[in-house]
Protein chains: 2
Amino acid sequence: MPRQSIDKDSEIPLDKTRQASGFTLIDVAKVAGVSPITVSRALNRPELVSDQTLEKVRRAVALVGYIPNMLAGGLASKQSKLVAVFVPTIAHSIFSDMVQALMDQLGEAGYQSILGVTGYSLEKEESLLGAILGRRPDGIVLMGTEHSALTRQRLVSSGIPVVEAWDFCEDPIDILIGFSHEAVGKAVADHLHAKGYRRFSVVSAGDPRGIKRCKALVNELRELGIMDVPQVIFPPPATLKEGREGLSQLLSEGAKPEIVVCSSDTVAQGVLAEAASRGLRVPEDIAVMGFGDLGSAAQVYPALSSVRLDGARVGGLIASVLLERFRNQGAHQAQVRIDTGFTLIDRVSA
Amino acid sequence: MPRQSIDKDSEIPLDKTRQASGFTLIDVAKVAGVSPITVSRALNRPELVSDQTLEKVRRAVALVGYIPNMLAGGLASKQSKLVAVFVPTIAHSIFSDMVQALMDQLGEAGYQSILGVTGYSLEKEESLLGAILGRRPDGIVLMGTEHSALTRQRLVSSGIPVVEAWDFCEDPIDILIGFSHEAVGKAVADHLHAKGYRRFSVVSAGDPRGIKRCKALVNELRELGIMDVPQVIFPPPATLKEGREGLSQLLSEGAKPEIVVCSSDTVAQGVLAEAASRGLRVPEDIAVMGFGDLGSAAQVYPALSSVRLDGARVGGLIASVLLERFRNQGAHQAQVRIDTGFTLIDRVSA
DNA sequence: CATACATATGATTGCGCAATCATTATTTGC
DNA sequence: GCAAATAATGATTGCGCAATCATATGTATG
């Protein structure tokens, strides 16, 4: 049995008891005196609508305070305008610049980001992915190239554009935008060796990428004839505390490093703090090398030598590539692998 | 009973060419040999379904790799399971602990968060809100109590539960969970005065809450007979650089502070760095007071005195209150205003 | 043993929008 | 001046799911 026609009452109740979510395309259409689909077009593809109609619709939208329901729109169009971004952590993070730039650029194009914090755990990443796939994101951005088998399988079979960022490898799932951590380790070893350092130590987080850099550093030093490199590896996340304790542990174990290479600027700042507390001069008594070139690296005392990664640029690249994909949906998709590189930054600390 | 139904219906192509998003409730229902609505119930309200049926459905879901479409579910149920969270910044942020805890707890309850970064701009907040309201979030969390007129109006008329966090005021939009920045300013003044400090200076970000604390501090000092408090106020966001430059500026303008009160631990660390670079001893030559008690405060050298806010607790509270609201949708909603307080932390620097 | 009552499942409908195709004005070409 | 092309708008349908109501079993109660 058909219900009483709502349309009979062609008056749209414009009272304030109606909530923002209460108005639909149909309400706007009635106010504007056009069909619902014309309103839809006026909002989504204005170039197909005459200026006159556009103006009528605009006024009606403003009048009722219409806010399109993206759940309905997404269901109908199969485009959620949502990008899922997974990061290991958001606190004091080397990723913040990248995420910021990524979100900004996606936002300008009408896409919103949904953030998943994995805590450096592949299991967490997997469960977050399960939860987020239900939103049918148009794109997915992950940090690193290590994922659980199920994560990889789901990502591949989802058919959604996937970006693996902040690392480099030979068999990416889809799009790859990052840099080689092995190359960083090697370059740091060569650079510091060339500056004359011979007694190295390492304080590093035990995340996959930190370990890659550490191993590459140690390997390269071995090539250069340096066999003994004391290391402190701790479970992520990295904070100042790990840096302080790392240096303490190194010294208490009898290491006499000329230089401590750290897995991040944050760790390096901890090492600086511990050195200061022991009255050690930097770099005279002990030199320190960071990684990431956070904004703070140049501002701490003494200024921290580091490796610059330009997260903002990487984030912008990711956004560009994704948006490009979204634009040419059906078209043949070229393989994208971008090495974003890195730059050694010489300051005072090493 | 044998599970004949799975074999008898061969209309479902179970090949791997189907994408994860390709299967629907109906497909699962056919495989399980039940009606679609029973599958829906088995997934959303399992207590209403017999164990036997539950098992059939569970197996069918696993078999086809079904992932519910939350766009469709949200449209039908008018529940997006989405919470919008607006923060001024995500970099090196005093808010990270809170956001982390908030997202974690919401996530456990099946809610996801969509993050908006406002850059301390009310206009950005307003435009982000416009974009995000289209997703029909079930809840909205904002930092602070200052918003544009349009933002307030939209929030109120949306009928969505709104949390204003990290501040306190008399006329919140809806839920209020935070602490009084005036009280912090006053408490810091009293505390440091009691410790014997008399020549104060301030280095503060010019965000609304920083200014509140600064004004309250200066007012209280005046009560205590201290009339001259040199201040450096800079536009947010705060980084180490602002701290270093702040101290430089103070000193170059002829201020001779015994103590520098900072609007955040980050600023304070900048002041510490600048002091170190000038050979000033802390706290003997100059004392430093932070705010926020970031994890790093206790780890820098010298250890930083600060004001602890327990962001993780605040985030957890926000999540609890929101989830409670979501549970009793229709019911009468009591007014919620929680003062989360703060704790002065005495360390070495002041 | 009949009434009430709980438990388990199903049929129908509509959420708000965009895709698709159809239709009507308006212009262009020669 | 008339067919063909273009521009502008509309009608219908279905996206995938949950709310609502209806129905079919069983189980207690006096």
Side-chain angles (χ1 to χ4, degrees), chain A residues 1-7 18-30 32-57 61 64 66-81 110 133-136 138 329-330, chain B residues 1 5 12 18-30 32-57 61 64 66-81 110 133-136 138 329-330:
Chain A
M1 149 144 58
R3 39 193 328 188
Q4 293 288 90
S5 170
I6 307 171
D7 306 356
R18 287 288 295 259
Q19 300 180 346
S21 57
F23 289 105
T24 74
L25 211 51
I26 297 181
D27 299 325
V28 177
K30 283 180 191 161
V34 299
S35 74
I37 187 60
T38 297
V39 176
S40 172
R41 266 196 289 255
L43 295 173
N44 299 321
R45 315 194 45 191
E47 72 276 9
L48 296 180
V49 175
S50 71
D51 291 352
Q52 193 188 359
T53 308
L54 212 52
E55 184 53 27
K56 278 195 292 187
V57 173
V61 165
V64 304
Y66 171 66
I67 296 176
N69 184 328
M70 297 182 78
L71 297 172
L75 181 61
S77 70
K78 302 187 179 306
Q79 296 205 354
S80 61
K81 294 273 181 180
L133 278 180
R135 306 228 177 246
R136 301 295 187 265
D138 293 336
Q329 291 249 318
Chain B
M1 151 148 46
S5 41
I12 314 293
R18 288 287 295 258
Q19 300 181 348
S21 56
F23 288 105
T24 74
L25 210 51
I26 298 182
D27 299 326
V28 177
K30 283 182 189 162
V34 298
S35 75
I37 187 61
T38 297
V39 176
S40 172
R41 265 194 290 255
L43 295 173
N44 299 323
R45 312 193 49 191
E47 72 278 8
L48 295 179
V49 175
S50 71
D51 290 352
Q52 191 189 2
T53 307
L54 211 52
E55 181 57 22
K56 279 196 291 187
V57 171
V61 166
V64 304
Y66 172 65
I67 297 175
N69 185 328
M70 297 182 77
L71 296 172
L75 180 61
S77 70
K78 301 185 180 307
Q79 296 206 354
S80 61
K81 295 274 182 179
L133 278 180
R135 307 226 176 248
R136 301 296 188 263
D138 293 336
Q329 293 249 320

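Reminder, nothing fancy here: chain letters follow the sequence lines and each chain counts from 1.
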How long is the line joining [atom1] of [X] and [atom2] of [N], in whole Å?
X      : N      : atom1 : atom2 : value
A/E55  : D/dA8  : CD    : P     : 16 Å
B/I26  : D/dC17 : CD1   : P     : 8 Å
B/R135 : C/dG16 : CZ    : P     : 17 Å
B/Q52  : C/dT7  : CD    : C1'   : 14 Å
A/R136 : C/dC17 : CZ    : P     : 21 Å
B/N69  : C/dC17 : CG    : C1'   : 14 Å
A/K30  : D/dG10 : NZ    : C1'   : 16 Å

Measure the CG-CG distance between B/L75 and A/L75 for me, rounded to the nearest 0.5 Å. 6.0 Å
Where do B/L43 and B/P68 come nearest, in terms of heavy atoms and distance? CD1-CG, 4.4 Å
Could you report the tightest heavy-atom contact between A/V39 and A/A29, atom names first, then the distance? CG2-CA, 3.6 Å
Residue-level proximity of residues 34-51 of chain B to DNA chain C when a heavy atom falls under 4.0 Å: B/V34, B/S35, B/I37, B/T38, B/R41, B/V49, B/S50
In residues 70-79 of chain A, what residues come within less than 4.0 Å of DNA chain D, judged by heavy atoms? A/L75, A/A76, A/K78
Holding to side chain to side chain contact (heavy atoms under 4.5 Å, CB included), I want the full list of residues that pass it with [X], two or more places apart in sequence or in another chain.
X     : value
B/T38 : B/V34, B/S35, B/R41, B/T53
A/L71 : A/N69, B/L71, B/S80, B/R136
B/L54 : B/A42, B/P46, B/V49
B/A76 : none

With side chain to side chain contact (heavy atoms under 4.5 Å, CB included) as the test, would you mind laying out the steps for A/V64 and A/D27 before giving the verdict? CA-CA 8 Å; A/V64 304; A/D27 299 325; 5.6 Å; no
Using a cut-off of strictly less than 4.0 Å, decide whether B/T53 has a side-chain nitrogen or oxygen near OP1 or OP2 of C/dT9. yes
Strictly by salt bridge (charged side-chain N to carboxylate O under 4.0 Å, His left out), give each pair with a member in residues 66-81 of chain A just once, sequence neighbours left out. none
